[in-house]
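Reviewing the structure listed below.
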2 protein chains.
Amino acid sequence: MPETPKESKLAEVSPKTRKVFDFIESSKSPLGAYDLLNDQNLRAIGFKAPTQIYRALKQLLELQLIHRVESLNAFVACCTEHEKGPSILAICDSCGQVQDIPAEDIAAQVTKEVVKKFPGLKELNIELKGVCEECTPESPEVRTATAS
Amino acid sequence: MPETPKESKLAEVSPKTRKVFDFIESSKSPLGAYDLLNDQNLRAIGFKAPTQIYRALKQLLELQLIHRVESLNAFVACCTEHEKGPSILAICDSCGQVQDIPAEDIAAQVTKEVVKKFPGLKELNIELKGVCEECTPESPEVRTATAS
DNA sequence: TTCGGGATGTTATACTATTACGGCTAAGTA
DNA sequence: TACTTAGCCGTAATAGTATAACATCCCGAA
Ligand SMILES: [Zn+2]
Ligand SMILES: [Zn+2]
Ligand SMILES: [Zn+2]
Ligand SMILES: [Zn+2]
């Protein structure tokens, strides 16, 4: 049985870094470095200072196992369905969850669109805010029916 | 002569908030709140604490006169060519300049693409990193010619 | 005049991230 | 073996970003 990309990446990291990833992956919303340090049990397994957390996060970012959510100063697990390509992070204002949505098509169009003004494009970061499907109370038909 | 949208927005703000905008607009790269407070002359005109700067910034953001560059914790003037619609912020790693590029088309496509997974989309933030046109040493033809 | 509410001033504190340094260990090599 | 070097990890200190909480002032309405 072939290892998934995710598994083979995780095999490269230390147990403590691995633990950081596990916490991020199992959280339903993004975690900040200090959330990991203080609220989660990372102190219990030997993390004592922010810099240790940031080292682990850096490694996980480089392996593309996690993404940094710039607008929240926090980190989410990568869905691992976009091997190198970019993705869209859709942040729900209501429940706090973030979806990592592969975005090859969008990336291609952005590139096409800005290439003249910005020929040396290297990195693309798209973040959305709004309300996720789960938090949208009901579909319009149902809502109307219920309200009447 | 009709006022431009920018002028009419600026008419609403206090002289000090106006001054904050002027500094941001005249800077060739994005400014952070503490850049404004310490490096620029804002202390000289009565700003004494970060919270005052942040209040001015908040107001300017609400009027869409500036944008926050999430990945830099800094602020740039809006090009004012996209009245309400979204834009792309293209950040040059070399010179630090940020271009504010109107992006109606991209926004439309993103919306179309994510509407199923994220029906309540409200806000869209696209940031690019790379090298701007000005910092791209030469065009390929010229570079080849020069190098030979 | 008196009472609000909004803008502004002021202090303190919370939150996020990096620098700097020191020790340990594994790998290379004379 | 003894020495060197480079990388990883631990620790402490500090830098950088943002907000909370409360005081004060000013102006218009009652
Ligand atoms: Zn991802
Ligand atoms: Zn939600
Ligand atoms: Zn703009
Ligand atoms: Zn440039």
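Below, chains carry the letters A, B, ... as their sequence lines are ordered, and counting in each starts from 1.
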Atom NZ of B:Lys58 and atom P of C:dG6 are separated, to the nearest Å, by 13 Å

B:Leu57 atom CG is separated from C:dT8 atom P, nearest whole Å, by 14 Å

Give a yes or no on this: more than 12 heavy atoms of other residues, nucleotides or ligands lie within 6.0 Å of atom NZ of B:Lys19. no

In 5'-to-3' order, the base (B), backbone-only (S) or no-contact (-) status of each nucleotide in nucleotides 10-20 of chain C, using a 4.0 angstrom heavy-atom cut-off, is BB----BBBB-

Rounded to whole Å, the CD1-C1' distance (B:Ile45 to C:dG9) equals 14 Å

When rounded to whole Å, the CD1 to C1' distance for the pair A:Ile53 and D:dT11 reads 14 Å

Rounded to whole Å, the NZ-C1' distance (B:Lys16 to C:dA7) equals 11 Å

Atom CZ of A:Phe47 and atom P of D:dA12 are separated, to the nearest Å, by 16 Å

Q) In terms of the angle between their ring planes, are B:Tyr54 and B:Tyr34 parallel, tilted or perpendicular, with boundaries placed at 30° and 60°? A) perpendicular

**Asked** Does a side-chain N-to-carboxylate-O contact under 4.0 Å join B:Glu127 and B:Lys129?
**Response** no

Whole-Å distance, B:Leu42 CG to C:dT8 C1', equals 15 Å

Heavy-atom nearest pair, A:Gln52 first then A:Gly46, reads NE2-O, 3.8 Å

Here the distance between atom C1' of D:dA12 and atom CG of A:Leu37, to the nearest Å, is 14 Å

Side chains of B:Phe75 and B:Pro30: does their closest heavy-atom pair fall under 4.5 Å? no

In terms of heavy-atom contacts, B:Lys117 and A:Gln99 come closest through O-NE2, 2.9 Å

